[in-house]
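Here is the structure we will look at.
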Amino acid sequence: MAEAIENLNNVETKPETLKAELEAARAEIKALTIQNKKTARELRLQADLADRLQRQAALLANFRDSMLEENANLQQYMDLMLRNFSDIIIILDKTGNVVFVSRSYLRACGKQEGYEIKGAPYSQLLDEMLSDSVDKLRDYLEKTFSNRAAMHGTVLIDFAGDGLFSDYSFQMTPMLDYATRELSGVLLVFHDITDLVAARNLAEESRNEALLLSKAKSDFLSQMSHEIRTPMNAIIGMTTIGQSAESAERKEYCLVKIKQASHHLLGIINDILDMSKIEANKFELAREEFDFEDMLQKVVDIVSFRTLEKEQHLFVKIDKRIPRRIVTDEQRLAQVITNLLGNAIKFTPQNGRISLSADLVGTDERSGSCAIKMSVTDTGIGIAKENLGKLFQSFNQADNSVSRKFGGTGLGLAISKNIIELMNGSIWIESELGRGSSFIFEIYVQFGKPVEPSSFAGWEALKLAAVEENREALAAFRSLVYDTVEEFYTFTSFEDALTQIKQKKFDIIFINHKEEAPAFIRQASALSPDSKFIIMNYGDSSELEKAHPQEVPLVAGFLQKPVLPKQLFSCINNCIGRVEQREDEEIGVFDDFSACRVLIAEDVDINREIMSSLLEETGIKIDFAYDGLRALEMFTAAAYDMVLMDINMPNMDGHTATQKIRALGSDAARDTPIVAMTANVFKEDIDKCLESGMNAHIGKPIDIEELFEVMRRYLTP
Ligand code: ADP
């Protein structure tokens with residue numbers, strides 16, 4: 001362009017040249033303008049870029065600030081977590097040295113905060129903990145380091161070394177560098193699962209217990225089914241045989257067997273009911289006053305037919321210091337002794353010896369109570385030591401072979417233990433396999449009303465002798481009479497006795513019954529005509545009468561073995577012609593109630609039939625009401641000497657009927673004895689009957705003796 005201007009100033013320049021130059025200048029100006037515009041745009045762009053960069057820098061600065069803040073927060077959260085996290089966390093670097101331990105670790109180790117473990121090798125951690133699994137942990141850690149493998153498992157560790165072990169589940173996780181993927185360390189986490197393990201163990205235990213219980217129950221059911229079916233089988237079988245039997249004796253035989261089996265069945269049912277009462281915590285004792293020896297005599301009478309069958313020797317020793325009358329539950333105490341004697345008989349072979357003894361072991365005059373220790377000892381099969389503990393548990397027997405061989409429900413001892421414990425006592429066993437057993441218990445009872453001690457007037461000059469080959473029986477006999485008579489001699493053979501008889505002239509000679517007894521009596525009475533002879537026998541005395549009728553006139557009396565004090569004393573008194581005052585027994589009562597009328601409320605046909613038959617021999621007049629409502633109507637319409645009242649009846653039950661009768665207002669309604677006659681036989685059932693206004697209670701199945709005893713009580717003037 002400068003050239004073009006030069007050319008303009010140069011006049012000599014040709015116009016064409018000028019024009020061309022002008023064009024060129026114009027083009028140059030245009031190019032320059034374009035260039036300028038470009039430069040300006042670029043400048044604008046650069047300013048924009050600078051602006052954007054500035055804004056981004058500000059954003060980044062913001063971002064960094066918030067990151068720093070977040071990081072600080074995270075650090076705080078991590079710190080908080082690690083501080084309060086119950087899991088134990090340990091971080092090892094890639095060489096296996098500790099870089100971090102959580103506070104929970106320090107707590108578990110019982111270390112103060114600030115305890116420095118950083119930098120220590122993990123072997124030190126392992127050495128400091130008590131565990132059977134240290135080697136396992138070491139092995140796992142080595143694997144985690146060498147294979148970069150995550151490992152986990154459970155261990156029992158005592159971190160503090162104070163003997164308190166805890167269960168942990170652990171996790172070992174390899175940590176890898178983000179960029180290089182090289183191993184940078186290992187994270188170790190221990191999670192305490194002690195409670196979980198305990199809960200699992202508990203659940204397992206209760207599952208096992210439930211399994212055992214359900215096995216025991218199913219064993220029990222099958223055993224029980226067998227126990228129930230056996231007498232049922234006898235009842236059904238004997239009924240069939242009896243129906244087709246021709247002779248009266250055969251029918252009688254069947255009836256006796258049916259009766260025995262029925263009683264056995266009733267015993268089983270009673271045991272089951274007792275056990276269910278115990279399990280429901282509803283087992284209670286009655287408190288009543290009774291004669292201790294009379295109770296023992298009843299028990300002995302119940303079991304002695306079985307000892308007779310097995311030809312076993314049964315001895316009874318009663319400490320004379322035991323009060324005659326005591327207060328506790330007579331029936332339950334008798335139940336325990338019957339059970340122990342029943343077992344002794346069952347588990348003792350033919351000809352074995354069984355003894356029952358009762359001793360006074362303590363007296364507390366202030367509270368009017370005493371402790372009585374009783375033991376039942378046998379020479380039977382005995383019990384292995386390992387089985388002793390479980391016999392008092394319900395459904396338990398010494399072992400399966402016992403139940404197979406001897407039967408039984410395994411309930412008797414469990415029930416006995418409960419009864420004894422309700423009497424504030426305890427029961428235990430002393431036994432050796434093959435050498436017999438002793439079941440011993442102690443109970444606390446109240447004294448009953450004092451009873452005049454037995455009078456031995458007229459006995460002072462008596463000379464007694466006993467001939468018995470069994471020394472134990474002889475000793476028991478001696479303990480009964482030793483301080484009551486002037487002289488008492490014992491002989492273990494008839495020959496020995498015969499050598500002394502002529503000279504000693506015994507007043508009474510007690511003889512154990514055996515084959516040679518009649519001959520001995522004949523010889524002895526020839527030597528000492530004034531001596532009186534008493535035969536002692538386990539069984540029925542009628543045996544001797546049948547076998548040797550000619551000796552019977554020479555015999556002054558019979559004593560049923562085992563001999564209990566009362567029996568013996570009254571026998572001696574009879575011999576010396578002393579008339580005894582009988583305490584409770586009414587002698588020679590003839591059950592003639594023909595002058596009386598009884599109302600029996602009973603809805604079941606067969607029960608009415610049984611009552612009619614049982615009462616027939618008494619001559620009593622019977623009116624039956626088929627339910628409580630009818631009984632109430634009949635009572636209002638006629639005069640009765642007694643009402644026997646069933647409890648469960650349609651229309652109106654026995655309790656309501658009794659209450660309504662008592663509420664009638666007349667003298668008869670107030671005074672007429674009403675006796676419950678029901679299969680509800682627990683203490684609370686009896687109490688409920690008395691509460692509704694009844695006078696007494698008779699359990700079903702009816703025990704004829706009990707029924708007659710109640711009728712005598714209320715119908716005899
Ligand atoms: P049951 O006799 O009906 O089985 P118990 O509870 O009375 O039930 O007895 C439990 C177990 O105790 C018996 O099965 C038996 O194994 C053992 N036992 C009880 N008494 C004796 C005894 N006198 N001699 C040996 N074992 C006995």
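For ligands, and for the atoms within them, numbers begin at 1 and follow the listed sequence. Below, all heavy atoms of this structure are taken into account, side chains as well, without hydrogens, waters or symmetry copies.
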Any atom of ligand 1 sitting under 4.0 Å from a heavy atom of Phe392?
no
Does ligand 1 have an atom under 4.0 Å from some heavy atom of Gly380?
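No, that is not the case, since the closest heavy atom of the residue is not under 4.0 Å from the ligand.
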For ligand 1 and Leu413, I'd like to know whether there is a polar contact (N/O to N/O, distance under 3.5 Å).
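It does: an N or O of Leu413 is found under 3.5 Å from an N or O of ligand 1.
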Under 3.5 Å between any N/O of Ile381 and any N/O of ligand 1: does that happen in this structure?
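N/O-N/O distance under 3.5 Å: no.
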Could you check whether any side-chain N or O of Gln567 sits under 3.5 Å from a backbone N or O of Gln560, counting only pairs where one atom can act as donor and the other as acceptor?
yes
Side chain, backbone, both or neither: which part of Asn339 has a heavy atom under 4.0 Å from ligand 1?
side chain
At under 4.0 Å between heavy atoms, is it the side chain or the backbone of Leu411 that contacts ligand 1, or both, or neither?
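Backbone only; the side chain of Leu411 stays clear of ligand 1.
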Going by heavy atoms in the side chains, are [X] and [Y] under 4.5 Å from each other?
{"X": "Glu469", "Y": "Asn512", "answer": "yes"}
{"X": "Leu388", "Y": "Ser431", "answer": "yes"}
{"X": "Phe439", "Y": "Leu413", "answer": "yes"}

Element-labelled atoms of ligand 1 that are located less than 4.0 Å from some non-hydrogen atom of [X]:
{"X": "Asp378", "value": "22 (C), 23 (N)"}
{"X": "Ser437", "value": "22 (C), 24 (N), 25 (C)"}
{"X": "Phe439", "value": "19 (C), 20 (N), 21 (C), 22 (C), 23 (N)"}

For the residue pair Asp329 / Gln335, report whether a side-chain donor-acceptor contact shorter than 3.5 Å exists.
no
Establish, from distance only, whether the side-chain atoms of Thr328 and Arg287 form a donor-acceptor pair under 3.5 Å.
no
Show me the pairs that pass salt bridge (charged side-chain N to carboxylate O under 4.0 Å, His left out) and involve residues 429-440, at least two apart or across chains.
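Sorted result for residues 429-440: empty, none.
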From atom 2 (O) of ligand 1, work out which of Ile268, Asn343, Leu391 has a heavy atom at the shortest distance.
Asn343
